[in-house]
Every structure is written in C-alpha cells, then in structure tokens.
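Read through the structure below, which is laid out as structure tokens, and then see the notes.
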Amino acid sequence: MGPFEMVLGIVLIVTIGSIVRAKHGIRRDRKGGDYFVATDNGETKALQAEIRALKERIQVLERIATDNNRAVTLDQEIEKLRDSSKI
C-alpha cells in the first residue's frame, strides 16, 4: 500500500464516519465537543407532554406522602368511605 492509497483510505474512513454522525444528529462544536441535535417531530412532542404529565403526578404524590396532616386526614376519609359502604 503506497502513501497515496493510505491517504485515500483515511479520507474515506473519516467521510463515512462524518456521514454516520450526521445521520444520527450528532454535531461537533468549535472546541471539538460532541452534542446531539434533537429533531422536533410529533413523537418527540408527545413524549415531552407525557413526561410533563408524569412530573405533575409525581409532585402530587410527593405532596401527599410528605404532608403529615393530609395523610392522616386522607386515612380518616378512606375509613369513612369504608364504613359508609358497609351500611
């Protein structure tokens, strides 16, 4: 393998690597760091909405679990419902 063929091989490998990276949405900044470029399609927006809804539900559950007065009141309300359903 001569030097020309070796240079051609290196250029070919780098080009193919760049094409694969671009296809997956990976870009490089000026300092050489990699970052991902997200595409905003319908699926991404749906997943973001679902994550937002799940975060809201988690906040409610955390509030119920950490609020001692509310937990006691909630237990009392559940017991009242159980008692009224027996009648």
Side-chain angles (χ1 to χ4, degrees):
M1 176 182 271
F4 178 74
E5 293 169 338
M6 187 169 55
V7 169
L8 185 63
I10 291 171
V11 169
L12 184 65
I13 290 170
V14 170
T15 303
I16 290 172
S18 297
I19 291 170
V20 169
R21 291 169 55 87
K23 194 172 217 175
H24 290 288
I26 301 171
R27 302 275 171 96
R28 224 169 245 214
D29 60 6
R30 292 182 183 201
K31 295 180 181 178
D34 295 336
Y35 64 94
F36 182 73
V37 178
T39 56
D40 287 336
N41 57 15
E43 183 180 2
T44 303
K45 290 180 182 179
L47 289 173
Q48 289 173 344
E50 185 176 353
I51 289 172
R52 205 172 303 116
L54 289 173
K55 284 182 178 181
E56 290 173 4
R57 291 180 69 183
I58 288 173
Q59 287 176 349
V60 169
L61 291 173
E62 287 174 345
R63 188 176 63 232
I64 290 171
T66 58
D67 187 10
N68 290 335
N69 295 334
R70 178 74 177 146
V72 171
T73 307
L74 184 62
D75 287 341
Q76 291 171 352
E77 289 177 12
I78 290 172
E79 289 301 321
K80 286 179 187 176
L81 289 172
R82 286 183 185 160
D83 292 339
S84 65
S85 66
K86 290 180 182 179
I87 297 175

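- Scanning for side chain to side chain contact (heavy atoms under 4.5 Å, CB included) contacts around V14 gives I10, S18, with sequence neighbours left out.
- No more than 12 heavy atoms of other residues, nucleotides or ligands sit less than 6.0 Å from atom CD of E43.
- A 4.5 Å side-chain heavy-atom check between Q59 and K55 finds every atom pair outside the cut-off.
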